[in-house]
Amino acid sequence: MVVSSADQSEHLNQQVSMEEIADPPFEKTYKSLFSNLTATAPPQKMNLMPELSSVEECELPLIDLRRLSLGESEAAACRKQIARASSEWGFFQVVNHGISGEVMERMRGEQKKLFKKPFHEKKNYKDLNFSAGSYRWGTPSATCLKQLSWSEAFHVSLSDVIGSGGIDSLSSVMEQFAVMVSDLSQKLVDILAEEMGEKSCFFKETCLPSTCYLRLNRYPPCPIYPQMFGIMPHTDSDFITVLHQDHIGGLQLVRDGKWFAVKPNPDALIINIGDLFQAWSNNVYKSVEHRVVANPLNERFSAAYFFCPSYDTVIESGIEPCVYRSFSFGEYRKQVQEDVKLFGHKIGLPRFLVKTH
């Protein structure tokens, strides 16, 4: 059989274009989930999740951390504002946080370059010393579209980054960013503990840079359906999370039983309480359910720092009566992973409630 040069050229062009595609193959991989719906109506006409369409916008409490250095009266008021936001909202945003704007700008630039690489390169990325499985996309356990996350990420243990010697510009700026955000996280958890009357060195001893994680997120445009999760609803399995996001928006959270869209503020960092802090504080501080809704036109970038302890750290509250039984972080992570595999979503803290008879 003779293959014409035109056919060969077309085949090569298709091969090259496939290799150069940056977006993960969502539609191909999850074809069965989409085909179940497109058989009944065209995607543009469908309202997959109508509850995403009518979400009010809110502004998170904005806290100026410069007040911590303006004398005891201002500092005390700032600390109380942090504690109140953590108790009432579970989320707040901070400015004058001590993270260099130049470092954040460089980090975003390197992040964009990383995600522009072809999908097959990201999937097998070996240029950095990231642990196996650091690159993630979609939702492997999804059995329906409500469980699918239209996003890709590098979820990196800081032990892969700290002390790496900055082998390239990405790892160098990741390390700088992580060190700064680690200091900010330590400052915030110490304030929250002190506002509860706790003076322990618990966080300094258990939450080391090597036990924390940095997650670089990209949410590709999703023109197929008018509503799709970038990340499905969840709470964070850490003490606190520090988020640096762009101006696109899409982050939503639950407050008083309703979903609200968070108005983006690229000049601020967003802080949210995680499950471990809710358990450690005996429900004084709230780990709030949140999600990201994909944008039909624009890609969105964010970087999240997860302030975590070592796996053998035991989480228990000193407040009686305890709402939750004591558990290790490793036990908690294992239970979350088992639940996601079995049910398609996380159950979290309700698994660890003290049994009453």
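In what follows, every heavy atom counts, from backbone to side chain, and hydrogens, waters and symmetry copies are set aside.
Looking only at distances, a side-chain donor or acceptor of Arg108 sits under 3.5 Å from a matching main-chain atom of His244. Side-chain atoms of Thr211 come within 3.5 Å of backbone N or O of Cys308 as a donor-acceptor pair. A donor-acceptor pair under 3.5 Å is absent between the side-chain atoms of Ser326 and the main chain of Glu316, judged by distance alone. Listed for the Asn282 side chain is no donor-acceptor partner under 3.5 Å among the backbone atoms of Glu320. Side-chain atoms of Ser281 come within 3.5 Å of backbone N or O of Gln278 as a donor-acceptor pair. Side chain of Ser171 to backbone of Val161: no donor-acceptor contact under 3.5 angstrom is found. Within the 3.5 Å criterion, the main-chain N or O of Arg66 finds a donor-acceptor partner in the side chain of Asp64. The main-chain N or O of Tyr135 is never found under 3.5 Å from a side-chain atom of Lys123 such that the two would form a donor-acceptor pair. A distance-only check finds a donor-acceptor pair linking the side chain of Thr139 to the backbone of Ser149 [under 3.5 Å]. In terms of modelled atom types and a separation under 3.5 Å, the side chain of Lys122 and the main chain of Ala22 share a donor-acceptor contact.
Annotation for Pro233 and Glu289: closest pair CB-OE2, 3.3 Å, computed over non-hydrogen atoms. Closest approach of Ala268 and Val95 over heavy atoms only: CB-CG1, 3.8 Å. Counting all heavy atoms, side chain and backbone alike, Gln186 lies closest to Cys207 at OE1-O, 4.1 Å. The two residues Ala279 and Ser317 make their nearest non-hydrogen contact at O-CB, 3.6 Å. The minimum heavy-atom distance linking Arg215 with Arg136 is given by the pair NH1-NH1, 4.0 Å. Heavy-atom minimum distance, Ser237 versus Val336: OG-CG2, 4.2 Å.
Taking OH of Tyr332 as the reference point, atom CG of Asp238 lies at 10.0 Å (rounded to 0.5 Å). In this structure, the separation between CG on Leu214 and CD on Gln111 is 8.5 Å, given to the nearest 0.5 Å. Considering CZ of Phe115 and CG of Asp23, their distance stands at 11.0 Å, rounded to 0.5 Å.
Salt bridge annotation for Lys113-Glu110: present, with a cationic side-chain nitrogen under 4.0 angstrom from a carboxylate oxygen. Here Arg79 pairs with Glu72 in a salt bridge; the nearest charged N to carboxylate O distance falls below 4.0 Å. Ion pairing of Asp275 with Lys346 is present here, as a side-chain N (NZ or NE/NH1/NH2) and a carboxylate O approach within less than 4.0 Å.
Relative ring orientation between Tyr30 and Trp137 is described as perpendicular, the plane-to-plane angle rising above 60° on a 0-90° scale split at 30° and 60°.
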Is there a side-chain contact (heavy atoms from CB on, under 4.5 Å) between Phe327 and Leu349 once you walk through the steps?
-> CA-CA 11 Å; Phe327 55 87; Leu349 284 178; 4.2 Å; yes
Would you sort out whether Glu331 and Arg325 count as a salt bridge (charged side-chain N to carboxylate O under 4.0 Å, His left out), showing the intermediate values?
-> CA-CA 12 Å; Glu331 180 187 2; Arg325 68 170 178 83; 2.7 Å; yes
Take Arg218 and Asp246 through the test salt bridge (charged side-chain N to carboxylate O under 4.0 Å, His left out) and record every step on the way to the result.
-> CA-CA 11 Å; Arg218 175 181 176 258; Asp246 62 18; over 6 Å; no
Run the side-chain contact (heavy atoms from CB on, under 4.5 Å) check on Ile82 and Leu65 step by step: do they pass?
-> CA-CA 9 Å; Ile82 291 169; Leu65 296 185; 4.0 Å; yes
side-chain contact (heavy atoms from CB on, under 4.5 Å) evaluation trace for Tyr305 with Leu158 = CA-CA 10 Å; Tyr305 178 88; Leu158 290 197; 3.3 Å; yes
Residues Met107, Leu216; criterion side-chain contact (heavy atoms from CB on, under 4.5 Å); working and verdict = CA-CA 10 Å; Met107 172 96 148; Leu216 306 179; 3.6 Å; yes
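Under the 3.5 Å distance criterion, with hydrogens and angles disregarded, a donor-acceptor pair is assigned to the side chains of Ser157 and Ser159. Inspection of the Ser310 and Thr313 side chains reveals an N or O donor paired with an N or O acceptor under 3.5 Å.
The aromatic ring centroids of Tyr324 and Phe352 lie 6.0 Å or more from each other. In this structure, the ring of Tyr285 has its center no less than 6.0 angstrom from the ring center of Trp280. Here Phe329 and Phe239 keep their ring centres 6.0 angstrom or further from each other.
For Asn298, the side-chain contact (heavy atoms from CB on, under 4.5 Å) criterion is met by Ile248, Asn295, not counting sequence neighbours.
Trp150 places a side-chain heavy atom less than 4.5 Å from the side chain of Pro220. Proximity of Glu56 to Cys58: side-chain heavy atoms (C-beta onward) are nowhere separated by under 4.5 Å. Within the 4.5 Å cutoff, side-chain heavy atoms of Met180 are placed close to those of Ser100. Inter-residue side-chain proximity for Gln93 and Leu269 is flagged as unmet; no heavy-atom pair is nearer than 4.5 Å. Counting heavy atoms from C-beta on, the side chains of Asp339 and Gln335 come closer than 4.5 Å. Between Ile99 and Val181, some side-chain heavy-atom pair lies under the 4.5 Å cut-off. Side-chain contact check for Leu253 versus Val262: some heavy-atom pair is nearer than 4.5 Å. Residues Leu276 and Pro309 are in side-chain contact: their nearest non-hydrogen atoms beyond the backbone lie under 4.5 Å apart.
In this structure, Glu194 places its CD atom where more than 12 heavy-atom neighbours from other residues, nucleotides or ligands lie under 6.0 Å away.
The ring-ring contact (aromatic ring centres under 6.0 Å, His included) contacts involving residues 63-99 comprise Phe91-His290, where partners must be two or more places apart or lie in separate chains.
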